S.K.: 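Quick one: structure below, then a few questions.
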Amino acid sequence: MSVLFKYLLNTILLCSYCLILFYYLNNMRRLLIISLIFFATACKDFKEKKEVGTIESVLPEQKFNQDIELEIYDFEGFNKFLNRKDEKTYVINFWATWCGPCVKELPYFEKLNAEYKGEGVEVILVSLDFPHVYESKLKPFILKNKLKSKVVVLNDDNENKWINAIDKSWSGSIPATIIYTKNERKFFERSFTFEELEEEVKQLK
Amino acid sequence: MMKKVFKLIPLIALVFFVSAFSNDNTTHNHGYDVGDVIEDFKLKNIDGKMVSLSDYKDAKGFIITFTCNTCPFAIAYEDRIIALDKKYASKGYPVIAINPNNPEAKPGDSFEAMKTRAKEKGFTFPYLVDEGQKIYPKFGATKTPHNYVVQKTKKGMVVKYIGAIDDSSRNPEAVSETYLEDAVDALLAGEEVKTKKTKAIGCTIKV
């Protein structure tokens, strides 16, 4: 709404400027003052926008240069992420760097995390990568794609036990996603688009 | 205000669409269960010949594995599948490997790539192409690797075990439960299979 309002204001300003130009064509001094005021406001607007832009583009660059520490859990340790009893909506996505459909949908989870953070939604990306690729593939992937959602690693050999514990209906293929609040829980063994994710989150809230 | 109302219309439509879709998913996932009799199939092997279960006159049953070239979990199990065939083919339970992936969706699973991989690893068993992706849905396979043990009975080929080969895909040295071997051993001994279904992480079948 505010963008629309700004456009409207600018149009009105521009029109009045034309009118003034027409009426005061022979009075050069006044015209100079008016145009100075007009350009000053326009410039101020432009400057503000530019500042916002630079902050966003610099931050991930800094992050890229840092090393990251992986949070690695066995199922017992990881279980706490599935059973939080606060006011938030948790979106737990099981993925791996080698899983094509998972990598494809990661940006949607990232977008969800960014856009709904303020509304109490937290995305947790659970990597199921093999331990021998943590350094060679997983860390570089997180850094390269500048993942901002929380990434944890689940490393537990006894899959038959924890797949059933997470959801009885899960056959074990990924991507898989859990969306839960303290009152309700949904499990999905499928891929998502951003709109589908957004819809599921809205339904639970 | 009007804008908000307009925004809501596609969302409501989406709710209906998504709920319809998720219902659909749960009903479609069902394939053979333990105890079901399976239909025979006729699939192309990497040597170009067609293979059916009925070709194996002396087999007591089969270890059927849906696997592929590209999935890290499938690759992690290749050596263990070869070992299974070595151990059980002579006892009447040979391995039949089927690649369910559509090579158009996963070029690394093309017929040529399958031939190369089988040669590299020295597969001692047929490595079949599920052309048109028609056989894997009958089994209800959802991922690679996804394994089935079937036993020849008077009724036909009966599913006796569905699931993982063992309890440690990541580390062959950390295996403590050999589910699939236990199932075949039980069948060979004329006993009931104790653990009939297990689960493991795998790669979604690419169609």
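None of these values were measured; they are calculated from a predicted model.
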S.K.: For B:Ala164, which atoms come within 4.5 Å of any heavy atom of chain A: side chain, backbone, both, or neither?
M.R.: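 Answer is neither: B:Ala164 stays 4.5 Å or more from chain A.
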
S.K.: How many angstroms lie between atom OG of B:Ser168 and atom CG of A:Asn158, to the nearest 0.5 angstrom?
M.R.: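 CG of A:Asn158 is found 9.0 Å from OG of B:Ser168.
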
S.K.: Non-hydrogen contacts under 4.5 angstrom with chain A: give the residues of residues 76-102 of chain B involved, or none if there are none.
M.R.: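 At a heavy-atom separation under 4.5 Å, chain A is reached by B:Ala76.
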
S.K.: Of the backbone (N, CA, C, O) and the side chain (C-beta and beyond), which part of A:Trp162 lies under 4.5 Å from a heavy atom of chain B, both, or neither?
M.R.: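 Only the side chain of A:Trp162 comes within 4.5 Å of chain B.
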
S.K.: If you round to the nearest 0.5 Å, how far is OG1 of B:Thr204 from CZ of A:Arg190?
M.R.: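 OG1 of B:Thr204 is found 13.0 Å from CZ of A:Arg190.
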
S.K.: How are the rings of A:Phe130 and B:Phe73 set relative to one another: parallel (under 30°), tilted (30 to 60°) or perpendicular (over 60°)?
M.R.: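 Tilted: the ring planes of A:Phe130 and B:Phe73 meet at 30° to 60°.
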
S.K.: Is B:Lys196 atom NZ crowded by more than 12 heavy atoms from other residues, nucleotides or ligands, each under 6.0 Å away?
M.R.: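 Yes, NZ of B:Lys196 has more than 12 neighbouring heavy atoms, counting only those of other groups under 6.0 Å.
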
S.K.: Can you establish whether the number of heavy atoms outside B:Glu120 located under 6.0 Å from its atom CD is more than 12?
M.R.: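 Yes, CD of B:Glu120 has more than 12 neighbouring heavy atoms, counting only those of other groups under 6.0 Å.
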
S.K.: Main chain of A:Lys168, side chain of B:Lys199: is a donor-acceptor contact present, judged purely on distance under 3.5 Å?
M.R.: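 Answer holds: yes.
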
S.K.: Could you tell me whether the side chain of B:Lys143 and the main chain of A:Gly172 form a donor-acceptor pair under 3.5 Å?
M.R.: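 Not confirmed, B:Lys143 side chain does not pair with A:Gly172 backbone.
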
S.K.: Can you establish whether the number of heavy atoms outside A:Glu69 located under 6.0 Å from its atom CD is more than 12?
M.R.: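 12 or below, so no.
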
S.K.: Would you say B:Tyr179 and A:Asn160 make side-chain contact, with heavy atoms under 4.5 Å?
M.R.: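 Side chain of B:Tyr179 against side chain of A:Asn160, heavy atoms only: contact under 4.5 Å found.
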
S.K.: Please state whether the side chain, the backbone, both or neither of A:Asp156 comes within less than 4.5 Å of a heavy atom of chain B.
M.R.: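 Backbone of A:Asp156 only, per the 4.5 Å heavy-atom cut-off to chain B.
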
S.K.: Is the number of heavy atoms from other residues, nucleotides or ligands within 6.0 Å of NZ (A:Lys186) greater than 12?
M.R.: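 Counting other residues, nucleotides and ligands, NZ of A:Lys186 exceeds 12 neighbours.
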
S.K.: Rounded to the nearest 0.5 Å, how far apart are CD1 of B:Ile201 and CD1 of A:Ile163?
M.R.: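 The CD1 atom of B:Ile201 sits 4.0 Å away from the CD1 atom of A:Ile163.
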
S.K.: Given 3.5 Å as the limit, does a donor-acceptor pair link the side chain of A:Ser173 with the main chain of B:Cys203, or not?
M.R.: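 It does not hold such a pair.
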
S.K.: Heavy atoms, side chains only, cut-off 4.5 Å: are B:Arg170 and A:Leu128 in contact?
M.R.: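 Touching, per the 4.5 Å side-chain cut-off.
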
